[in-house]
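One structure below.
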Amino acid sequence: MKPQKRQSSGISKCFHRIFQSIFPDPLIPKSEQERKRYLLKNLILHFRPATVPEKTLKFSLTWGLGGMAASLIILQFGTGLLLKFVYKPIPVAAYTSIQVLQNEVMFGQLIRNIHHWCANFLVLIVFLHMLRVFFTGAFHPPRQFNWIVGLGLFGLVLTANFTGYLLPYDQLAYWAVTVSTGVLEYIPGIGVLLQEMVRGGSDIGPATLSIFFAIHTAMVPFGLIILMSFHFWRTRKAGGLVIPRAPQEEIKEKPIRVPTLPNLLVREIVTAIVLLAFILVFAMVFNAPLESKANPGLSPNPTKAPWYFSGIQEMLMHFHPFFSLFIIPILMMIALLCLPYIDYESNTSGVWFGSFKGRKMALVAAITATIATPAGILADEYMIDLAAWMQGVPPSISNGLIPFMIILVGIIGFYVLIKRKYSATNNEAIQTLFVLFLVSFIILTVTGVWFRGIGMKFVLPF
Ligand code: HEM
């Protein structure tokens, strides 16, 4: 189909003119320079669709988050490659090689800082991208499988972060990984075996470092390249992004499309440059942490998991490990995987929060979680002691099954109540539950990061 012309503003005309001077239009290139530009334009169009729906260019649809995630991954590949020239993946040399990198290699500290902060921002940005996809209903057909691919990417980003965490081999790294892998043994049947596989033995040591290094520098990058290519291809096959629309507005069969060059590309480049500038300044101001060399005989107090696992570590404070580390995370994962395949009444793709009622219900869920989660944490901390009240009952029941069932009944009650009160559709009710879990998980994470002190006791952060 022939792309339709769009009314352009002053700024986009200006961008267009700059772009035209770099990639001129004539189909038959005249000079050598023109021929090169023509080839470059063609090359870009091998990776990007020739046209995109005009409305998807709106920044408030995507907030540039997917593109930012891709830019950060490219930056991680670049800085990671440079780090490999100096880093030594054996316990006796790993820590010293990081010190050498920071103190003796030109820009070594800066490159490490960029790699470190980028990794952390990446988790945050991918998480926000997932939320934007969810709240604009972009997981409905034909994009349902891309949601699954996205979850795979999220898993890889977390794996990259976690395996990278051990590499400096300082106290922080050693003990965070000890705690995080230590809990694997609670998985019934295969727990101990799994832990030994991950650690390469019963303790953290040379084999663990070598396994983490291989996963971090070979397997995860390979997986990311494959899944990212597939992710972009699926987005393209779906005809581009979801088209933003008002709650009652119909999905348009044939949206107005505009050429990718320069409309989308210029926006992507500008977003990437602003992001990279921000990361650079951040990395110049804040150094990546490096504590004293790992000492297997002396554990710091408190020993905390990396911040993105803090929510799970906080759950561990309230539930038996079998529930906090196994049952609840597995149920959450299954729920996320099944999300696009549930029978919905309508396809809300492109509508933020699905409907006006959906927005209102999401707000109710957010307020409920903001009150109930801290109340539950404090009650468990200072008032409730199920294990002491039910002496003789196995902890997996008194501290696991019973509190789990109480919370489950509460959640089901909330779901039924809200569905009836608002005569909600499936879409609205499921979104409400999602917000309830999301806000609770964020509060658990914040509590784990800032409100836990010596002996993991509840403390105020100031
Ligand atoms: C490494 C991680 C990821 C990268 C680099 C990435 C990249 C992108 C990019 C560039 C887009 C198109 C532009 C945009 O939406 O901003 C996109 C769209 C999409 N992503 Fe991701 N993504 C990642 C993770 C995820 C996750 C965790 C999910 C969900 C579980 C997800 C689901 C989707 C879906 C369904 C679309 C299509 C959205 C639409 O049509 O509006 N992605 N992704």
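The first residue of the sequence shown is numbered 1, and numbering continues consecutively from there. Treat the numbers as computed from the prediction; the structure is a model and nothing was measured. Both counts, for ligands and for their atoms, begin at 1 and track the order of listing.
Using a 4.0 Å cut-off to heavy atoms of M130, the atoms of ligand 1 that qualify are 29 (C), 30 (C). Listed by number with element, the atoms of ligand 1 under 4.0 Å from a non-hydrogen atom of A70 are 5 (C). Counting atoms of ligand 1 from 1 in the listed order, those under 4.0 Å from a heavy atom of L151 are 30 (C). Atom numbering of ligand 1 starts at 1 in the shown order; those under 4.0 Å from a heavy atom of F154 are 27 (C). In summary, the atoms of ligand 1 found under 4.0 Å from a heavy atom of I73, numbered by their order in the structure, are 1 (C). Listed by atom number, the atoms of ligand 1 under 4.0 Å from V133 heavy atoms are 20 (N), 32 (C), 33 (C), 34 (C), 35 (C). Those atoms of ligand 1 that come under 4.0 Å of a heavy atom in A138, given as number and element, are 35 (C), 38 (C), 39 (C), 41 (O).
Ring geometry for W117 versus F282: interplanar angle over 60°, hence perpendicular rather than tilted (30 to 60°).
Annotation: W147 places no N or O atom under 3.5 Å from an N or O atom of ligand 1; distance criterion only. At least one N/O-N/O distance between G66 and ligand 1 falls below 3.5 Å. Considering both main-chain and side-chain atoms, N146 never comes within under 3.5 Å of ligand 1 through any nitrogen or oxygen pair. In terms of polar-atom proximity, T235 is not counted as a contact of ligand 1, lacking any N or O under 3.5 Å from an N or O of the ligand. Taking distance alone, with nitrogen or oxygen atoms compared against 3.5 Å, T62 stays at or beyond that limit from ligand 1.
Of all protein heavy atoms, the one closest to atom 15 (O) of ligand 1 is R132 NH2, 2.7 Å. Among protein heavy atoms, atom 18 (C) of ligand 1 sits closest to H129 CE1, 3.6 Å. Here the heavy atom of the protein found nearest to atom 40 (O) of ligand 1 is R143 NE, 2.7 Å. For atom 3 (C) of ligand 1, the nearest protein heavy atom (residue, atom name, distance) is L153 CD1, 3.8 Å. Protein heavy atom at the shortest distance from atom 12 (C) of ligand 1 is L241 CD2, 3.6 Å. With respect to atom 4 (C) of ligand 1, the closest heavy atom belonging to the protein is A69 CB, 3.9 Å.
If you look at V242 next to ligand 1, the close heavy atoms, those under 4.0 Å, come from the backbone and the side chain alike. Only the side chain of F232 comes within 4.0 Å of ligand 1, judged by heavy-atom distances. Contacts of V149 with ligand 1, taken as heavy-atom pairs under 4.0 Å, are absent altogether.
With ring centers used as reference points, F135 lies under 6.0 Å from F353. Between Y165 and F212, the distance separating the two ring centers is not shorter than 6.0 angstrom. The distance between the ring centers of Y308 and F127 does not fall below 6.0 angstrom.
Under the 3.5 Å distance criterion, the side-chain polar atoms of Q195 are matched with a main-chain donor or acceptor of T181. A donor-acceptor pair under 3.5 Å is absent between the side-chain atoms of S440 and the main chain of A369, judged by distance alone. Judged purely by atom type and a 3.5 angstrom limit, R132 has no side-chain atom pairing as donor or acceptor with the backbone of G64. Checked by atom type and distance alone, the side chain of W147 pairs as donor or acceptor with a backbone atom of L336 at under 3.5 Å. Looking at N113, its side chain never comes within 3.5 Å of a backbone N or O of M284 through a donor-acceptor pair.
Rounded to the nearest 0.5 Å, atoms CD1 (I430) and CG (N426) are 5.0 Å apart. The distance from the CE atom of M315 to the OG1 atom of T445 is 8.5 Å, given to the nearest 0.5 Å.
At least one side-chain heavy atom of L436 sits less than 4.5 Å from a side-chain heavy atom of T368. Inter-residue side-chain proximity for V242 and T56 is flagged as unmet; no heavy-atom pair is nearer than 4.5 Å.
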Original post:
Would L209 and L166 count as a side-chain contact (heavy atoms from CB on, under 4.5 Å) if you check the C-alpha gap in whole Å, the side-chain angles of each, and the deciding distance to 0.1 Å?
Top reply: CA-CA 7 Å; L209 194 54; L166 181 68; 4.1 Å; yes
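Here the shortest heavy-atom distance to atom 28 (C) of ligand 1, taken over G150, G137, S71, G239, belongs to G150.
The N, O or S atom of H231 with the smallest distance to atom 21 (Fe) of ligand 1 is NE2.
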